[in-house]
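Remarks on the structure that follows.
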Amino acid sequence: MLLANVQVLLFLVLALVLFGIEAWALIDCARRPAGAFLAAGKRTKNFWLVLTAAAAVVGFIAIPPPLGLGLFTGFLQFFAVIPAGVYLADVRPAVSSYGGGRRPPRSGGGW
């Protein structure tokens with residue numbers, strides 16, 4: 001019985017981590033200007049928004065029953081994180097130099 005509870009807890013933590021990655025990719029994609037995607041030679045912003053939003057929805061629905069619905073358990077939950085991972089590893093670094101996202105700290109002081 002204890003082993004089953006540990007497994008459920010680990011699966012819940014894993015599902016929350018995966019959903020966090022998917023949500024991070026979606027929020028970051030939404031904050032970037034549309035022109036940055038084309039200037040970096042990547043697909044359009046709408047393409048990446050649809051992919052990351054779909055991944056986040058599947059990840060949210062797949063959170064196990066103590067906190068979520070647990071409808072898409074198994075491999076679909078892990079496949080949903082792939083577009084978010086591709087965005088964060090490939091697209092985000094390419095479009096980050098074109099603005100949007102976090103603002104760099106202002107240099108210099110004074111009035």
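Since we're looking at a predicted model, the values are computed, not measured.
In this structure the side chain of Ser96 reaches within 4.5 angstrom of the side chain of Arg32, judged on heavy atoms. Contact check for Leu10 versus Leu14: no side-chain heavy atoms found under the 4.5 Å cut-off.
Phe60 is not connected to Leu26 by any chain of hydrophobic side-chain contacts under 4.5 Å among Ile, Leu, Val, Met, Phe, Trp and Tyr, and they are in different clusters. Val95 and Trp24 fall within a single hydrophobic cluster, where Ile, Leu, Val, Met, Phe, Trp and Tyr side chains are chained together by heavy-atom contacts under 4.5 Å.
Among residue pairs with one or both ends in residues 47-67, none qualify as salt bridge (Lys or Arg N to Asp or Glu O under 4.0 Å); sequence neighbours excluded.
Every residue two or more places apart in sequence or in another chain that forms a salt bridge (charged side-chain N to carboxylate O under 4.0 Å, His left out) with Lys42 is listed here: Asp90. Judged as a side chain to side chain contact (heavy atoms under 4.5 Å, CB included), and not counting sequence neighbours, the contacts of Ala25 are Thr52, Ala84, Tyr87, Leu88. Qualifying side chain to side chain contact (heavy atoms under 4.5 Å, CB included) partners for Leu38, counting only residues two or more places apart in sequence or in other chains: Thr44. For Leu51, the side chain to side chain contact (heavy atoms under 4.5 Å, CB included) test picks out Phe47, Trp48, Pro83, with sequence neighbours left out.
Smallest separation of non-hydrogen atoms from Glu22 and Ala56: CB-CA, 3.8 Å.
Members clustered with Leu3: none, using a 4.5 Å side-chain heavy-atom cutoff among hydrophobic residues.
The CD1 atom of Ile63 lies 11.0 Å from the CZ atom of Phe11; values are rounded to the nearest 0.5 Å. Going from atom CG of Leu18 over to atom CD1 of Ile82 covers 10.5 Å, rounded to the nearest 0.5 Å.
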